[in-house]
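Here the structure is laid out as structure tokens; the discussion comes afterwards.
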Amino acid sequence: AGDRARKGTLPDLDEDRVRAATAEIDAIRGRQGRRSPGVLRQALQARNWQDLLWGRSEEGLGRVLTETERIRETFSSDLRVGSPRDLVEALELGNMLTVTEMIARVALMRQETRGSHYRLDFPERNDRDWLKSITVKQVDGRMNLDTLVLDPDWQDRAAEVAGFRWG
């Protein structure tokens, strides 16, 4: 990247993406609401700390999704962006809301414990039903979750992982 920049051979920009990003920034810049993006980010982080990190459950993940939607509504209707720092925090918060929703929906869908994904209400690993990945795609502007079986014949091979199980 450094060599390309020094030579002045930067890749062509996708003009549609540039226009979309500019429109997003313009839509946020100068909003006169009452809530700062920093305060909203702290609320999202607090809820995620309580219910999304290590001990997940249907109830807790529901709280995460409810809080995400509440903050998203406030972001749309009552956001204050009075400085360049607020603008950066608002853009980061928008991304955090998307990522939080994605993680929570995937965690809610996976009704088992696997690796660092620990479900309090499903504490056991379940290879019979969950030896697959969850995919997330944007379809018609909405988050669409599905599953993908990578290798239905896959088995743990203890010798290859020093006696530990994958996932």
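One is the number of the first residue; the rest follow in order along the sequence.
- Cluster membership check: L91 shares its hydrophobic cluster with F75, using side-chain heavy-atom separations under 4.5 Å among Ile, Leu, Val, Met, Phe, Trp and Tyr.
- Heavy atoms only, all atoms of each residue included: L61 and A107 are closest at CD1-C, 3.7 Å.
- Note on E73 versus R70: no salt bridge recorded, every NZ/NE/NH1/NH2 to OD/OE distance being 4.0 Å or above.
- At a threshold of 4.0 Å, the pair R85-E89 counts as salt-bridged, since one of the basic side-chain nitrogens sits closer than that to a carboxylate oxygen.
- The two residues P123 and Y118 make their nearest non-hydrogen contact at CB-OH, 3.8 Å.
- Expressed to the nearest 0.5 Å, how far CD1 of I71 lies from OG of S76 amounts to 12.0 Å.
- Shown here is R17, whose CZ atom has no more than 12 heavy atoms of other residues, nucleotides or ligands within 6.0 Å.
- Atom CG of L148 sits about 8.0 Å away from atom CG of D146, to the nearest 0.5 Å.
- A distance-only check finds no donor-acceptor pair linking the side chain of N144 to the backbone of V139 [under 3.5 Å].
- At a threshold of 4.0 Å, the pair R63-D51 counts as salt-bridged, since one of the basic side-chain nitrogens sits closer than that to a carboxylate oxygen.
- Between R119 and D121, at least one side-chain nitrogen of the basic residue sits less than 4.0 Å from a carboxylate oxygen of the acidic one, meeting the salt-bridge criterion.
- Counting only N and O atoms by type, the side chains of D86 and S36 include no donor and acceptor under 3.5 Å apart.
- Under 3.5 Å, the side chains of H117 and R110 contain no donor-acceptor pair of N or O atoms.
- Considering all non-hydrogen atoms of both residues, V64 and T100 come closest at CG1-CG2, 3.6 Å.
- Residues T98 and M143 share a closest heavy-atom pair of O-CE, 3.9 Å.
- In the displayed structure, E58 atom CD is contacted under 6.0 Å by at most 12 heavy atoms of other residues, nucleotides or ligands.
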